Amino acid sequence: MPLSSKTVISNIEKLPGLFTKADLHKSLQTRREEKKSTRKPPARRKQSSALTSKDLTVIENTMHAMILAGFLTKEKNKFRRNSLEIEGTITVNESRDTVIKYNEQEILIKRDDLGSAQRGDQVTARIFEFRRGFFCAEVRKVHRRKKEFHIARITGRSGSIATLRLLDVPGEIESCANIKKISVAKDDYAVITLTGNYLAGKSESVIQEVFSGENEDYDFIRIKNRHSLPEDHTVIGDTGINITMPESELKVRKDYTKLFTVTIDGDTAKDFDDAISIKTSGRNTKIYVHIADVSAFVKPGSPLDIEAFERGTSFYLGNRVIPMLPETLSNDLCSLREGVPRLTLTAEMNFDSKGNLEKFEAFRGIIKVNKRLTYTRADQLITGKGLGQLTRTVQQMYRFARILGQKRRDDGRLDLNLTDVEVIYEKSHVKEIRFATRLKSHMLIEEFMLSANEAVSRELKEKEIPSLYRVHEPMSPDNIESLKKFLTVLGLKIDPALPLGRSVQDILYRVQGKPYEQVVNLVVLKSMMSAYYGIEPLGHFGLGFLDYTHFTSPIRRYPDLIVHRCLKSLIDKKEPAYTVAQLIQIGEKSSAMERVAQKAERDMVKMK
């Protein structure tokens, strides 16, 4: 039988210290002779223990690969074996192979060599074979699991042992659990933890909780585990009840408590992180965007801050939320509740009659919301005929929001008409799934928030303060070409004389009300690049902004909290809050967690 790389590596592992090729050849010949002596040779011909030319080629190729990978070191005419164990994170490559990256190489791990390890786990593995240009390894130890808990379906039982199939993991992975003290039935679902040991020849698990697939909590639990979402703060003992605010935060604050201020949010919202006010003087308008000053309570490097960084965002799954911050902050101390004094970071923006920004200033502030409105109630005020201050103020806000919206469309903003789906709950049960209705009040809040995000970004850029920006790069040349071909089929054409954004927006206007409107909007969306958080102010193609960041939601987005700290360093005329290296790390982590949240939220809707 020809020599295998597995045998070569196994023999190299047994050779002590420095060795020569002759030492390895002798070791392999000895091994072959020992094997030969333990079995009866064929009667017709005598087998030789000498190494063949094919054997020598396998030896040369294996040793060469081991040297390149760092598993062997050549010292003149001798070789020194380094550790054959590697540490890394289990991932899946583009070819859907399970691998560990080591010294810029991909080490393959076959399903039978994974043990109880799963994608995302940090493990120690040992290489044992070189095949078709790749090393293969087997997992020896799991150091840290990406997913502490898994969802599994009980597929059978025998006595006190249940067999379970793990869900939401690649492959048909089974586990066994002791159910001596647990009542389970076939096709029940369970939350389990893997022990790293074996039971009845399969990975051993411990059942933490059992529930039926009809349980309303099932979808939430499964999505939470599928995407390795964090526990609620109360589960990890991080309730925030001992949060205090330094007295210094109460000083040097601008008093906005006499300014008529409203919040506009969803019917069931609890975390009100933005409020708005407006003043007019002749042909000029000043709008105030008051954002909850989360940075007054969450200090850089504190346990709360580290946990918020790891989460990156709040996760909205149906009628439940896994918040970025403890509810003591998100629903109380930082929530801009009606009639209660609250700390803010306020953006003041002066505009001319055409919606051009003439002046921007930011202040630490303190406000007292006059009225908490829902989107539905605000929409009624916009279209109503009341004469009270509340009605007049909301209508004034809406009129100016329309001016801002028109200016942005003229500047090349893309207004995609894609209908969102919303799930309606009644006492924790799904009552209805329907298309969301976009109200005039939604547009009002959107325009005010966009104005604040754009103005803050421009101020930080012009003052050269290191910060995070929300970046949405233009379409790639390949995507533009594909979009052009698609539009040609419908008799539509991108006007080369106009900026790309403006030309695409004109097409979106032209297809309004047509049977293929939704398809065109979807294809345009698919043609665009994904937005991310970066340190370069590269603008936002979809919004048509040269400057853009996220400033308005620090309760639920970590990058917004970072931008608040950067803006405060400018207000206080102090050193920048972060180095560029720190911001790069935060931006990459926040972008990754945003993608996790988006995928989890989409999966939750699909399950309904």
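Quick caveat: nothing in here was measured; it's all calculated off a predicted structure.
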Could you go step by step and tell me if Glu174 and Arg165 meet the salt bridge (Lys or Arg N to Asp or Glu O under 4.0 Å) rule? CA-CA 4 Å; Glu174 289 190 324; Arg165 184 173 68 82; over 6 Å; no
Applying ring-ring contact (aromatic ring centres under 6.0 Å, His included), name anything that partners Tyr533, two or more places apart in sequence or on another chain. His550
Expected output: side-chain Asn479 to main-chain Ser476 donor-acceptor under 3.5 Å: no
Okay, side chain of His564, backbone of Phe551: is any donor-acceptor separation there less than 3.5 Å? yes
Ser228 (side chain) donor-acceptor with Lys224 (main chain) under 3.5 angstrom: no
Under 3.5 Å side-chain donor-acceptor pair for Ser295 and Lys568: yes
What heavy-atom pair brings Val563 and Leu468 nearest, and what distance separates the two atoms? CG2-O, 3.7 Å
Using a 6.0 Å cut-off, check whether atom CG of Asn103 has over 12 heavy atoms from anything other than its own residue. yes
Testing the 3.5 Å rule here: is there a donor-acceptor pair between the side chains of Thr20 and Asp23? yes
Would you check if there is a donor-acceptor pair between the side chains of Asn82 and Thr73 at a distance under 3.5 Å? yes
Identify the two heavy atoms, one from Leu108 and one from Phe134, that lie closest to each other, and give their separation to 0.1 Å. CD1-CB, 3.8 Å
Assess the pair Phe71 and Phe79: is the distance between their ring centroids shorter than 6.0 Å? no
Under a 3.5 Å threshold, yes or no: a donor from one side chain and an acceptor from the other, between Asn11 and Ser27? yes
Other residues, nucleotides and ligands only: do more than 12 of their heavy atoms fall within 6.0 Å of CD on Glu75? yes
Tell me whether Ser302 contacts the main-chain N or O of Val298 through its side chain, where contact means a donor paired with an acceptor under 3.5 Å. no
Less than 3.5 Å apart, any donor N or O on the side chain of Thr124 or His143 sitting next to an acceptor on the other? yes
Please tell me whether Arg565 and Tyr578 have a donor and an acceptor in their side chains that are separated by less than 3.5 angstrom. yes
For the OG atom of Ser205 and the CG atom of Leu166, what is their distance to the nearest 0.5 Å? 7.5 Å
Can you name the one residue among Asp273, Val294, Val321, Ile555 that meets side chain to side chain contact (heavy atoms under 4.5 Å, CB included) with Ser330? Ile555
With a 6.0 Å cut-off on ring centres, are Phe135 and Phe128 close enough? no
If we ignore angles and hydrogens, is there a donor and acceptor under 3.5 Å between the side chains of Ser175 and Glu204? no
Just by distance, do the side chain of His472 and the backbone of Met529 share a donor-acceptor pair under 3.5 Å? yes
So, Glu473 and Tyr532: side-chain donor and acceptor under 3.5 Å apart, yes or no? yes
After noting the C-alpha distance and the side-chain angles of Asp55 and Arg32, does the key distance pass the salt bridge (Lys or Arg N to Asp or Glu O under 4.0 Å) rule? CA-CA 12 Å; Asp55 293 337; Arg32 182 171 282 178; 3.1 Å; yes
Between the side chains of Ser10 and Thr7, is a donor N or O closer than 3.5 angstrom to an acceptor N or O? no
Can you confirm whether Gln582 sits close enough to Thr579 that some side-chain heavy atom of one is under 4.5 Å from a side-chain heavy atom of the other? yes
What pairs of residues pass the salt bridge (charged side-chain N to carboxylate O under 4.0 Å, His left out) test when at least one of them lies in residues 580-591, not counting sequence neighbours? Glu310-Lys589
Would you name the heavy atoms of Val139 and Leu114 that are closest together and state the gap between them? CB-O, 3.6 Å
Under 3.5 Å donor-acceptor, Ser457 side chain and Tyr548 backbone: yes
Could you tell me whether the side chains of Asp547 and His540 share a donor-acceptor contact shorter than 3.5 Å? no
For Asp97 and Val99, indicate whether the former's side chain and the latter's backbone hold a donor-acceptor pair under 3.5 Å. no
Of all the heavy-atom pairs spanning Met66 and Leu84, show the shortest one and how long it is. CE-CD2, 3.8 Å
Val142 and Ala117 have their tightest heavy-atom pair at CG2-CB, 3.9 Å
Taking every heavy atom of Ala162 against every heavy atom of Leu164, the minimum-distance pair comes out as O-CD1, 3.7 Å
